[in-house]
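To start, the structure itself, in structure tokens.
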Amino acid sequence: MKKRLGLTMRARHIVQGYSFISIWIVGFFLFMAIPLFRSLMFSFQDLKIMSGGLEATQVGLKHYNNAFTVDTSFVPRLITSFTNIVIQVPLTLVFAMFSALLLNRKLLGRIAFRGIFFLPVIIASGAVLKKLMGQGATRLPIFDQVDLVGKLIDYVPGQILFPLLKMMDAITLIMWDSGVQILIFLAGLQSISTTLYEAAKCDGATPWESFWKVTFPMIVPMILVNTLFSIVSSFTKVDNSVMDYIQYIVFNKSDYGYASSLGWIYFVFIFLVIGAVFLMFRGASAEERR
């Protein structure tokens, strides 16, 4: 009887899960499946614009081979995108978690502060953000006003100085990009029962110990969600050099076949990065259960 009830509950959870994503699934097959399939076909073809439309010539893996052996711009841009993720995603998560912990406290005007942190997500996006970046609004003034590198290079090794300065230079953009992550962390913090903190306090736990023993383990799923969101956002935002390069090939060179192959290489690269993150969190969870 218990086994039948367990299966029924499991089936109910499965139905609920698919009901939440059913609209996305329908939208995917209606609006995205055909363009994705056509772009995959284009990646194996040379396309020329003719009076009657596009004329396709099969070239096999030529575009994929050229991306790694002929094109001198794509791979460096791919490496740069990955480097930016390694630097920006951890900083975004730390800043978002710290901000969410502060905004979750009972303080005067916290609703207004939450709105202020989320405002850049609405305003500074798309073409607006690209315009601001072109004007240097996302850079700290100290980088333009003072020769910071020249003054510090004699005292700090370049292997340490340049990554640190790159992190500092990304702080403004990280603050603008962390609105969604802050909201997700806030939702996770507010779902933690106060009885857990009361029990920890009765056991003599300090606020620091309560964070690592209660708060952090309870919001690990939110950390995974925010990590995936931050990775995808970093791969697709307006300052991403790979996205700019693909758009340049499409709109300036009209080489749709080669642009499609770069897009699919980029997709596989993103998929591998996300898969590595999943494996890392899964390994960490398995280690905790032991």
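Residue numbers start at 1 and run along the sequence shown.
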Of I182, I192, L186, the residue whose pairing with N104 passes side chain to side chain contact (heavy atoms under 4.5 Å, CB included): L186
Heavy-atom side-chain proximity of Y258 to D71 below 4.5 angstrom: yes
Which atom of F185 lies closest to which atom of L93, heavy atoms considered: CE1-O, 3.8 Å
Mutual orientation of the aromatic rings belonging to Y64 and F44 [parallel < 30°, tilted 30-60°, perpendicular > 60°]: tilted
From CA spacing to verdict: side chain to side chain contact (heavy atoms under 4.5 Å, CB included), F74, I265: CA-CA 10 Å; F74 178 66; I265 293 172; 3.7 Å; yes
Q88 side-chain N/O to I85 backbone N/O, donor-acceptor pair under 3.5 Å: no
Between T215 and Y197: side-chain donor-acceptor atoms closer than 3.5 Å: yes
Residue Y248 excluded, over 12 heavy atoms near OH under 6.0 Å: no
Side chain to side chain, I223 and T227, heavy atoms closer than 4.5 Å: yes
Cluster overlap F95 with L102, hydrophobic side-chain contacts below 4.5 Å: no
Salt-bridge contact K62-D46 (side-chain N to carboxylate O under 4.0 Å): yes
Validation row: I274, V232 side chains within 4.5 angstrom (heavy atoms): yes
Interatomic spacing from CG in L224 to CZ in F281 - rounded to 0.5 Å: 5.0 Å
Side chains of F269 and V242 in contact at under 4.5 Å (non-hydrogen atoms): no
ILVMFWY network linking F98 to F229, side-chain heavy atoms under 4.5 angstrom: no
Pairwise side-chain contact, S99 with S178, heavy-atom cut-off 4.5 Å (strictly under): no
Name of the residue among Y245, F271, F235 meeting side chain to side chain contact (heavy atoms under 4.5 Å, CB included) with Y266: F235
Side-chain donor-acceptor pair present, S230, Q181, cut-off under 3.5 Å: yes
